[in-house]
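First comes the structure, then the notes that go with it.
Residue numbers start from 1 in every chain, and the chains themselves are labelled A, B, ... in the order their sequence lines are given, proteins ahead of strands. Every heavy atom of this structure was used, including side-chain atoms; hydrogens, water molecules and symmetry mates were not.
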There are 4 protein chains.
Amino acid sequence: MRDAAHLREDKEGAIFEAALKVITEKGFHRARMSDIARKAGISYGLVYHYYSNKEDLFDAVLNRWWDHLFAILKDVSRGVEDVTSKLRGIIFYFLNTYQDKFELVSIFITEISRSTANLTPRRLERFKSFIALTESVIKEGQDNGVLRNDLKARYLTTIFLGALETFISTMVIANQRIKSNAQKERIADSILEVFINGAKNV
Amino acid sequence: MRDAAHLREDKEGAIFEAALKVITEKGFHRARMSDIARKAGISYGLVYHYYSNKEDLFDAVLNRWWDHLFAILKDVSRGVEDVTSKLRGIIFYFLNTYQDKFELVSIFITEISRSTANLTPRRLERFKSFIALTESVIKEGQDNGVLRNDLKARYLTTIFLGALETFISTMVIANQRIKSNAQKERIADSILEVFINGAKNV
Amino acid sequence: MRDAAHLREDKEGAIFEAALKVITEKGFHRARMSDIARKAGISYGLVYHYYSNKEDLFDAVLNRWWDHLFAILKDVSRGVEDVTSKLRGIIFYFLNTYQDKFELVSIFITEISRSTANLTPRRLERFKSFIALTESVIKEGQDNGVLRNDLKARYLTTIFLGALETFISTMVIANQRIKSNAQKERIADSILEVFINGAKNV
Amino acid sequence: MRDAAHLREDKEGAIFEAALKVITEKGFHRARMSDIARKAGISYGLVYHYYSNKEDLFDAVLNRWWDHLFAILKDVSRGVEDVTSKLRGIIFYFLNTYQDKFELVSIFITEISRSTANLTPRRLERFKSFIALTESVIKEGQDNGVLRNDLKARYLTTIFLGALETFISTMVIANQRIKSNAQKERIADSILEVFINGAKNV
DNA sequence: TATGAATGAGGGTTCATTCAT
DNA sequence: AATGAATGAACCCTCATTCAT
């Protein structure tokens with residue numbers, strides 16, 4: 001059944017998807033609202049019917065990323081698995097999203113993770129929360145005696161996230177896609193093994 | 001003696017330094033030629049006397065970074081030290097530059113390392129060379145039996161550079177400076193220990 | 001009985017009232033059709049069912065003002081009272097309307113009486129008629145020997161209307177309301193006394 | 001001698017004059033920056049070289065009006081002449097400006113005196129000052145016993161300014177020009193005689 | 001009647017770049 | 001070498017109006 005609400009979602013979704021693509025291709029700054037409208041197959045003004053301005057559309061994109069990520073993080077941090085499994089959960093969110101909607105990952109890394117240009121206070125807040133939650137997982141590992149205690153939790157967190165992000169980043173720049181679950185496992189294992197081995201308590 | 005050539009360097013240098021600061025503060029896109037001229041204390045028409053356009057000025061900045069980095073990498077890759085020392089050499093280039101000219105590091109990470117928006121083919125080329133050279137160091141470590149062989153050299157390289165970049169990146173975003181050589185050693189050790197432990201052949 | 005025609009008047013009236021308020025608050029140019037629809041509590045597409053466009057709606061507002069004013073002027077100019085009473089009749093139309101529907105007065109003064117921006121030929125026509133009718137009252141006073149003859153009727157008219165309009169205008173800008181009939185009498189007397197004294201034949 | 005400073009004034013002056021004309025013709029809201037640039041015979045962007053935005057250009061126009069008016073008012077209120085002469089001074093500022101730069105008068109009446117749409121707090125301030133200064137002249141006349149005391153000074157002021165403004169306003173709308181000094185004297189006399197006669201102490 | 005999605009023509013503003021002096 | 005006036009192509013956003021439902 002295609003009712004009005006359904007139609008609304010169609011257009012709004014089309015704009016959202018178009019924004020993903022255009023921002024990924026050109027970066028937020030170079031992405032023009034007219035590009036997005038054209039790619040969505042709608043008129044210029046309609047974008048403003050669904051999103052109040054460019055920043056708002058950008059935030060909608062970022063929220064899609066953050067909302068899912070925090071949902072995962074919530075599960076992960078509440079879970080009873082060991083550190084390795086929890087970190088694997090984080091890694092898999094990145095890799096799964098990269099498979100399903102690589103634009104989200106690309107935009108996160110390009111526009112937020114390393115760029116101060118677009119950092120509004122609200123955006124910075126979420127970014128910091130993300131790091132803090134990851135750090136709490138690492139800290140738990142240290143407290144359990146699984147991870148070494150002679151390095152600050154924040155340092156280990158940085159190293160872990162850095163390795164993860166750069167992996168994705170390299171794939172983004174090289175325009176590589178994840179072709180198989182096996183490849184995904186291999187990447188996750190590489191990151192985890194190096195990190196856990198290097199960071200484990202001995 | 002202050003001759004014409006000397007003066008030329010003065011102005012050119014002033015523009016260069018101003019560009020570093022403005023691009024670091026606002027990002028390449030938001031940096032206006034007029035901002036740079038004002039910061040350099042000259043009229044903005046004069047910028048075009050020394051640099052043919054904004055991209056050209058940007059490339060001059062990037063080249064400063066790359067030229068020094070490749071000089072280091074050349075020394076490192078030709079050297080006879082063990083892998084750890086070589087990787088330490090790379091880390092120290094980042095940290096030293098961060099101390100002396102943190103804008104160069106900031107711009108590299110913000111505008112190049114994670115951003116596709118500014119990636120011209122030429123720029124991508126240098127970036128790939130950098131990764132390839134680092135990878136050759138890692139590969140050498142694998143061949144020497146120091147680093148584990150069950151993970152692709154490219155993977156290990158990515159993890160290493162990711163940890164390094166993210167460390168710097170975190171400091172850039174938090175606007176932290178390196179206060180002492182001791183701190184620099186500590187950071188280098190953290191990165192290296194985790195990486196080498198995780199990546200070492202056992 | 002609430003039949004279709006009745007409903008039509010309800011909505012049309014609501015739009016009309018909403019237009020009055022919004023145009024008064026923001027001015028014609030800044031008043032958006034969507035503002036008016038929202039204030040009327042209907043969808044903005046519906047406005048176009050009752051009024052063919054923004055100008056048409058504006059004209060409806062102006063006509064409400066003019067139609068009543070000309071009805072009064074007709075009575076006044078046909079009447080047998082002296083000039084003072086007739087002029088008092090005009091003043092009271094302004095003041096009464098200001099009490100009942102101050103938006104009409106406000107819009108007249110703000111958008112028509114002093115503004116050339118919105119003056120279409122048709123609107124200018126009605127404005128000129130108004131001045132001409134007022135002038136005929138003044139002329140009658142001159143012919144009767146009540147008002148001085150050494151000044152052109154047009155001049156006296158201008159002075160009279162100017163004093164009147166500015167009084168209202170000041171109240172509009174200061175957002176003052178007429179609180180009592182006594183106050184209304186006082187204002188009318190002030191204007192009339194000064195004008196009649198100044199303009200009376202001696 | 002036509003030096004750089006002179007040239008600058010040429011263009012800035014041309015923009016100012018063009019703004020006067022376009023705003024007078026179309027009203028501030030309908031006046032486009034591109035209209036002004038075209039009328040000034042310069043490129044679009046150059047307007048922004050001299051004025052930071054449309055509001056700024058508008059304020060420049062208004063300031064030209066206010067600065068001269070307040071200079072006159074200062075002289076007038078400090079002078080030792082009788083009320084009639086002082087009020088004549090105010091009337092003559094309006095009429096003289098109407099002769100020399102009728103656009104200034106037109107814009108003042110159309111966009112400021114009767115319009116709330118463009119009233120920023122700063123602009124309202126100047127407007128109120130103008131009224132207050134005029135009122136002080138009227139008050140002085142009351143204190144001297146020349147003007148009647150049974151009406152509030154504010155009422156008399158309103159009547160005086162209303163008559164004056166409407167006179168000008170009528171000429172603006174009818175697109176009339178003042179053809180001779182004799183005509184100017186006649187207008188001033190009409191306003192003054194009616195007002196002073198009506199307002200004089202008897 | 002009634003809704004609100006959809007359209008697109010402006011209009012203000014920015015800023016890299018050119019060029020006369 | 002040096003200035004900053006001058007140009008004009010973008011680009012974001014608004015909003016009157018149309019139209020499918």
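Residue B/Gly41 is the one, among B/Gly41 and A/Phe28, whose nearest nucleotide of DNA chain F lies closer to the 5' end (criterion: closest heavy atom). Looking at which nucleotide of DNA chain E each of B/Glu55 and A/Ser43 is closest to, the 5′-most match is held by A/Ser43. Along DNA chain E, the nucleotide closest to D/Arg32 and the one closest to B/Gly45 are compared, and the more 5′ of them pairs with D/Arg32.
Following rounding to the nearest Å, D/Leu46 (CG) and F/dG8 (P) show an atom-to-atom distance of 11 Å. As a whole-Å value, the separation of B/Leu57 CG from E/dT17 C1' is 14 Å. The CD1-C1' distance, from B/Ile15 to F/dT3, rounds to 13 Å in whole Å.
At the phosphate of F/dA1, OP1 or OP2 sits under 4.0 Å from a side-chain N or O atom of B/His49. Under 4.0 angstrom from either OP1 or OP2 of E/dC19 there lies no side-chain N or O belonging to B/Tyr48. For E/dA6, one of the phosphate oxygens OP1 or OP2 lies less than 4.0 angstrom from a side-chain nitrogen or oxygen of A/Tyr50. At least one side-chain nitrogen or oxygen of B/Lys11 sits closer than 4.0 Å to the OP1 or OP2 atom of F/dA2.
A distance of about 13 Å separates the C1' atoms of F/dT21 and E/dT1, rounded to the whole Å.
When heavy atoms are screened at a 4.0 angstrom cut-off, C/Ala37 is found touching no nucleic acid atom at all.
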| task | Using Watson-Crick or G-U wobble pairs with both distances under 3.5 Å, give me DNA chain F in dot-bracket, 5' to 3', with [ ] for crossers and | for pairs to another strand. | result | .||||||||||||||||||||
